[in-house]
Amino acid sequence: MLNLAIFGPPGAGKGTQSGRLVEKYGLLYISTGDILRKETASGSELGQEINRITSQGHFVSDDLIMRIIRKTIRENPHANGILFDGFPRTLSQAALLEGLMDELTTRFFGVLGLEVPREELIERLLNRGKVSGRADDKEAVIIERLKEYEEKTWPVATYFMERNRYYPVDGTGTLDQIFNRLVSQIEKHTC
Ligand code: AP5
Ligand code: MG
């Protein structure tokens, strides 16, 4: 079982790189952002509540996140492992993840942290915003998301660094270059 998280600020390329990692290692992909956007698109009452929070660049509750993660795992019992994208996003979620791994009697490999300069993140997200239709790809919301990342999510990187399970990856360059760097970090630390 290879359980890991792709980590990094908004626009770092987590979603972009996830598809190939999932394919190469036969993983179950859990993108909390994608699941929340799907619920929003359904127009349900819960979706409307999620949209009110995420369109401001803020985080939904840990409780909701854990419910959607558990549901996805329950529905996919035969995966070779899990790739989390967008989780854990806070220190409390990091602790919840450790608990979840214990419950599933498996271990957590660690966090692959895509590192990209702030100016490039903003440029990527503004470009994506022209076509994505994502309510959070507007300049003011992008700035808020980066602030939330720095305040609440970056401490998660430190948490895993202290446990020797944060694996930094240069997130700039071509998609192939970045993918090769991700794979080499995985191979280096699973052998
Ligand atoms: P989420 O969906 O996780 O968004 P995010 O972390 O803000 O990140 P993005 O999806 O915007 O970026 P990405 O790193 O996936 O980059 P991408 O590959 O798309 O979360 C959205 C919201 O949901 C949160 O703000 C929060 O409100 C809520 N939420 C989610 N999880 C939560 C949790 N656990 N707890 C609480 N709330 C939660 O790439 C970005 C762009 O760059 C694309 O256009 C791409 O084509 C381009 N690009 C990618 N790679 C390159 C490259 N190498 N060179 C040039 N361009 C590139
Ligand atoms: Mg994404």
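Atoms within each ligand, like the ligands themselves, are counted from 1 in listed order. Small disclaimer: the values here were computed from a predicted structure and weren't measured.
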Q: So for Gly8, does at least one of its heavy atoms come nearer than 4.0 angstrom to any atom of ligand 1?
A: no
Q: Report yes or no: does a heavy atom of Pro9 sit under 4.0 Å from some atom of ligand 1?
A: yes
Q: Start with the C-alpha distance between Arg70 and Ile73, add both sets of side-chain angles, then the distance that settles side chain to side chain contact (heavy atoms under 4.5 Å, CB included), and finish with yes or no.
A: CA-CA 5 Å; Arg70 285 179 191 285; Ile73 293 174; 5.8 Å; no
Q: Does the N or O separation between Gln93 and ligand 1 drop below 3.5 Å for any pair?
A: yes
Q: When you compare the side chains of Asp137 and Ser132, does any donor N or O come within less than 3.5 Å of an acceptor on the partner?
A: yes
Q: For ligand 1, is Gln177 a contact, meaning one of its heavy atoms is under 4.0 Å away?
A: no
Q: Would you please determine whether Asn127 falls within less than 4.0 Å of ligand 1 on a heavy-atom basis?
A: no
Q: Would you please say whether a donor-acceptor pair under 3.5 Å links the side chains of Ser55 and Asp136?
A: no
Q: Is a side-chain donor or acceptor of Thr72 paired with a backbone partner of Ile30 at a separation under 3.5 angstrom?
A: no
Q: Should Gly173 be counted as touching ligand 1, given the test is an N or O pair under 3.5 Å?
A: yes
Q: For His58, counting its heavy atoms only, list the atoms of ligand 1 lying under 4.0 Å from any of them.
A: 26 (C), 27 (O)
Q: Looking only at distance, does Leu175 have an N or O less than 3.5 Å from an N or O of ligand 1?
A: no
Q: Below 3.5 angstrom, do we get any N/O pair linking Arg37 and ligand 1?
A: yes
Q: Judged by modelled atom types alone, do Glu148 and His58 share a side-chain donor-acceptor pair under 3.5 Å?
A: no
Q: Pick, from Leu36, Leu126, Thr32, Ile35, the option with the minimum heavy-atom distance to atom 29 (N) of ligand 1.
A: Leu36
Q: How far apart are the closest heavy atoms of Leu28 and Ala79, and which atoms are they?
A: CB-CB, 3.5 Å
Q: Using only heavy-atom distances, determine whether the side chains of Tyr25 and Asn80 contain a donor-acceptor pair under 3.5 Å.
A: no
Q: Please state which protein non-hydrogen atom is closest to atom 18 (O) of ligand 1 and give its distance, to 0.1 Å?
A: Thr16 OG1, 2.4 Å
Q: Can you tell if the side chain of Glu75 reaches within under 4.5 Å of the side chain of Lys71, non-hydrogen atoms only?
A: yes
Q: Examine Phe108 together with Phe160 and report whether their ring centres are nearer than 6.0 Å.
A: yes
Q: Regarding Tyr159 and Glu98, do their side chains bring together a donor and an acceptor under 3.5 Å, going by distance alone?
A: yes
Q: Under 4.0 Å, counting heavy atoms only: does Glu148 come that close to any atom of ligand 1?
A: no
Q: Does Asp34 pair with Lys38 as a salt bridge, N-O distance under 4.0 Å?
A: no
Q: Just to confirm my output: which protein heavy-atom neighbour is closest to atom 48 (N) of ligand 1, and how far is it?
A: Arg124 CD, 3.9 Å
Q: Table please: side-chain donor-acceptor pairs of residues 169-177 below 3.5 Å, with sequence neighbours left out.
A:
from	atom 1	to	atom 2	distance (Å)
Asp170	OD1	Thr172	N	2.9
Asp170	OD1	Thr172	OG1	2.7
Thr174	OG1	Gln177	N	3.1
Thr174	OG1	Gln177	OE1	3.4
Asp176	OD1	Arg20	NH1	3.0
Asp176	OD1	Arg20	NH2	3.1
Gln177	OE1	Thr174	N	2.8

Q: May I ask you to identify the nearest protein heavy atom to atom 25 (O) of ligand 1, giving residue, atom name and distance to one decimal place in Å?
A: Arg89 NH2, 3.9 Å
Q: Considering only the protein, which heavy-atom contact is closest to atom 43 (C) of ligand 1, and what is its distance?
A: Arg128 CD, 3.9 Å
Q: Checking contacts here: is it the side chain or the backbone of Ile53 that comes within 4.0 Å of ligand 1, counting heavy atoms only? Could be both or neither.
A: neither
Q: Measuring from non-hydrogen atoms of Ser31 to any atom of ligand 1, is the shortest distance under 4.0 Å?
A: no
Q: Of the choices Pro88, Gly19, Gly11, which has the non-hydrogen atom that lies closest to atom 12 (O) of ligand 1?
A: Gly11
Q: Would you say Ile178 has any N or O atom under 3.5 Å from an N or O of ligand 1, going by distance alone?
A: no
Q: Who gets closest to atom 36 (C) of ligand 1 by heavy atom: Thr54, Val60, Leu121?
A: Val60
Q: When you measure from the side chain of Arg89 to the backbone N and O of Gly86, does any donor-acceptor pair fall under 3.5 Å?
A: yes
Q: When you compare ligand 1 with Glu120, is there at least one nitrogen or oxygen pair between them that comes in under 3.5 angstrom?
A: no
Q: With atom 10 (O) of ligand 1 as the reference point, say which of Arg145, Arg134, Lys14 has the nearest heavy atom.
A: Arg134
Q: Using a heavy-atom cut-off of under 4.0 Å, does the side chain or the backbone of Leu125 touch ligand 1, or both, or neither?
A: side chain
Q: Could an N or O of ligand 1 be found under 3.5 Å from any N or O of Pro10, whether backbone or side chain?
A: no
